[in-house]
Amino acid sequence: MSNRPFPLFHRTALPTAILLLLCGCGDRAPGNSAKKSQTGPRSATAPAAVLVTHPVLQEVAAAITADTDITVAAALPDLLDSRNWRPRSENVRAMQQATLIVMNGASWEPWTSRVSLPASRLVVTSRAFTEELITVPDAVTHQHGPQGRHSHPGVIPATWLSPTLLEAQTDALQTALLHQFPAHRETLNRNAAAWKTTLQQPKRLALELREATQNQPPAIIADSPLFLYLLRDLGWESTYLAGTESGPAESEQLQQLRELADKHPPAALRLFLLSDQRPNEMEQAAADLGLKPLRLDQGLADGKEQSIAQRLTRNLELLRKAVTESGQ
């Protein structure tokens, strides 16, 4: 468990849903149902296959295993959103036969409560900081048949948007790879060190921004709880809207936005953070209310042109620019 100090986060409780995190009732944390296995490190003749359930972790795994014969692939077809995935029998068999299965955890893989996976070849990278995961009330709204819409508390899965937590997940992945592929120890350690070096820039930007705003942090309204880990790194409190993270600007959400905007004095820097999947009308509505809208990369869309470290850096640069231009 890390000694990193994090301020407590204020969260405004709203009566309706906030973020679509899980895909069914009664789901347990990823890996809870994993079957015990006696399998140890990969043998010399076993296929070197690493299956990953998250696009960011797939990028990290590919970087660490570069220049080896280890194959890294997506466990999901076309890296679909794992929160809504229902694996077929062939998907389960592929994971059961993989040398290593890499998961995010933190409610990203709710389907794991319905499948049996070998525990010794499963790494849930967020388990390294379980006590730092953020839970929000009414985080899920969905409907099962005729009983109507309802909600459950849930964990925010977007740990990868915090450079600090992503580095901890990288450490967990590195350890698991070293255990399964000891013959590649030197290369894996070298690649992991090089990759973690790329995270130093967003980590440094986050620290600088935290220090620069510690006496006068901006007022933050977000379109969902998606960015809470990042905002916690900065020491910024936030309120957020109910609804799905990429849904339309419905009248109820617009009313929430008006109410939240009224609670912050116009003289202060007021930011409205939107995921890059939000429709444009919500951005315009925020601007009309005197808020400064900022679109941040949530790390889920195709990022082949930029690494996740570059995307996190850009998020922090946008935040820093907004603070600098406001004169705070």
Side-chain angles (χ1 to χ4, degrees), residues 9-23 81 83-84 107 134-144 147-158 161 213 216-232 234 236-301 311 314-316 318-319 321-323 325-326 328:
F9 226 86
H10 169 72
R11 298 185 288 276
T12 298
L14 295 173
T16 53
I18 299 171
L19 177 66
L20 181 61
L21 296 177
L22 309 176
C23 64
D81 190 324
R83 294 165 294 181
N84 304 317
S107 296
I134 298 174
T135 301
V136 297
D138 300 324
V140 188
T141 286
H142 50 198
Q143 182 168 341
H144 299 290
Q147 61 262 53
R149 293 169 63 83
H150 59 287
S151 62
H152 306 283
V155 174
I156 303 302
L161 293 179
T213 59
Q216 190 179 2
I220 303 293
I221 302 172
D223 66 348
S224 77
L226 186 69
F227 302 106
L228 288 185
Y229 294 112
L230 172 61
L231 294 173
R232 186 175 63 181
L234 303 177
W236 295 358
E237 295 185 351
S238 171
T239 54
Y240 41 79
L241 303 181
T244 63
E245 62 203 68
S246 59
E250 298 175 352
S251 58
E252 183 180 347
Q253 292 180 317
L254 291 174
Q255 180 59 34
Q256 292 175 34
L257 183 59
R258 295 187 192 97
E259 293 172 355
L260 292 175
D262 289 341
K263 294 181 180 179
H264 297 291
L269 173 59
R270 303 184 301 169
L271 300 179
F272 180 60
L273 305 185
L274 305 90
S275 77
D276 52 3
Q277 303 300 305
R278 269 285 183 182
N280 293 332
E281 57 263 31
M282 184 63 82
E283 183 174 349
Q284 184 59 52
D288 292 342
L289 291 169
L291 303 172
K292 183 175 180 60
L294 287 181
R295 283 192 177 273
L296 300 185
D297 191 328
Q298 61 178 333
L300 297 180
R311 297 163 80 178
R314 182 177 181 276
N315 281 348
L316 286 157
L318 287 172
L319 293 169
K321 181 180 179 182
V323 170
E325 291 178 344
S326 73
Q328 286 195 199

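Values reported hereafter were calculated over all heavy atoms of this structure, with side chains retained and with hydrogens, waters and symmetry mates removed.
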Nearest-0.5 Å distance, CG of residue L228 to CD1 of residue I134
5.0 Å

Kindly determine whether F272 and L241 satisfy side-chain contact (heavy atoms from CB on, under 4.5 Å), including the steps that lead there.
CA-CA 10 Å; F272 180 60; L241 303 181; 4.0 Å; yes

A side-chain contact here means heavy atoms from C-beta on lying under 4.5 Å apart; do N315 and L294 qualify?
no

What's the separation between atom CG in D297 and atom CG in D276, rounded to the nearest 0.5 Å?
4.5 Å

For the pair L273 and L226, evaluate side-chain contact (heavy atoms from CB on, under 4.5 Å) and give the outcome as yes or no after the intermediate values.
CA-CA 10 Å; L273 305 185; L226 186 69; over 6 Å; no

Output the distance between atom NZ (K263) and atom CD1 (I221), rounded to the nearest 0.5 Å.
9.5 Å

List the atom pairs, donor and acceptor, that lie under 3.5 Å between side-chain atoms in residues 284-293 and the rest of the protein, sequence neighbours left out.
{"residue": "Q284", "atom": "NE2", "partner": "D288", "partner atom": "OD1", "Å": "2.8"}

Sequence-distant partners of R314, side chain to side chain donor-acceptor pair (under 3.5 Å), two or more places apart
none

Work out which heavy atom in S107 is nearest to a heavy atom in V155; give both atom names and the distance.
OG-CB, 3.4 Å

Can you tell me how far apart OH (Y229) and CG (L161) are? Round to the nearest 0.5 Å.
10.0 Å

In terms of heavy-atom contacts, R270 and A261 come closest through NH1-O, 3.0 Å

Please check this pair: side chain of Y240 against backbone of F227, looking for a donor-acceptor N/O pair closer than 3.5 Å.
no

Could you give the distance from CG (L257) to OG1 (T239), rounded to the nearest 0.5 Å?
9.0 Å

Could you measure the distance from the CD1 atom of I220 to the CG atom of L234? Nearest 0.5 Å is fine.
8.5 Å

What are the two closest heavy atoms between L254 and M282, and how far apart are they?
CD2-SD, 3.9 Å

Do L231 and E237 come close enough that some side-chain heavy atom pair is under 4.5 Å?
no

